[in-house]
Amino acid sequence: ELNIPSGTRIEECRAMHAEWWAITNLAHGGGGDTVGATMYINTEPCKICAKIITGLGLETVVMLEGGYKTNGPQIVRDAGINVRYVHL
């Protein structure tokens with residue numbers, strides 16, 4: 001409807017990325033301890049999701065290789081979180 005290219009201007013979209021949605025559901029469900037945990041995602045996180053992920057205290061983020069390429073993994077690495085890729 002707004003002719004916004006896919007993967008851009010996330011703030012204009014009503015949808016949430018899966019990472020953001022998962023974190024929101026965790027908080028809504030009474031929370032849980034994410035410190036030292038591992039998060040599994042099916043592609044590289046966008047910049048916004050990567051920034052949200054860095055605040056969780058995760059030890060590792062595992063993602064499928066070959067998905068959308070972003071600079072999100074570098075943001076996650078810079079926060080001291082291990083980033084691993086898996087192949088299908």
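Please read these numbers as outputs of a predicted model, since none were measured by experiment.
Taking Ile, Leu, Val, Met, Phe, Trp and Tyr as members and joining any whose side-chain heavy atoms lie under 4.5 Å apart, directly or through other members, the hydrophobic cluster of Val86 also contains Tyr40, Val62, Leu64, Leu88.
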| said: One pair to check against side-chain contact (heavy atoms from CB on, under 4.5 Å): Ile52 and Glu19. What are the steps and the verdict? | reply: CA-CA 9 Å; Ile52 293 169; Glu19 304 91 336; over 6 Å; no

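Taking every heavy atom of both residues into account, Tyr85 and Arg77 meet most closely at CE1-NH2, 3.8 Å. Residue Pro73 comes nearest to Val83 through the heavy atom pair O-CG2, 3.9 Å, listed as atom of the first residue, atom of the second, then distance. Taking all atoms of both residues into account, the shortest heavy-atom contact from Ile75 to Thr54 is O-CG2, 3.8 Å. Closest approach of Cys46 and His17 over heavy atoms only: SG-ND1, 3.4 Å.
One N or O on the side chain of Glu44 and one on the backbone of Thr70 form a donor-acceptor pair closer than 3.5 Å. At least one donor-acceptor pair closer than 3.5 Å links the side chain of Thr34 to the backbone N or O of Leu56.
Residue Ile23 holds its CD1 atom at 5.5 Å from CD1 of Ile53, rounded to the nearest 0.5 Å. Note: Thr24 OG1 to Trp21 CH2 = 7.0 Å, rounded to the nearest 0.5 Å.
Taking 4.5 Å as the limit, some side-chain heavy atom of Arg84 sits within range of a side-chain heavy atom of Thr60. Proximity of Pro45 to Met63: side-chain heavy atoms (C-beta onward) are separated by under 4.5 Å at one or more points.
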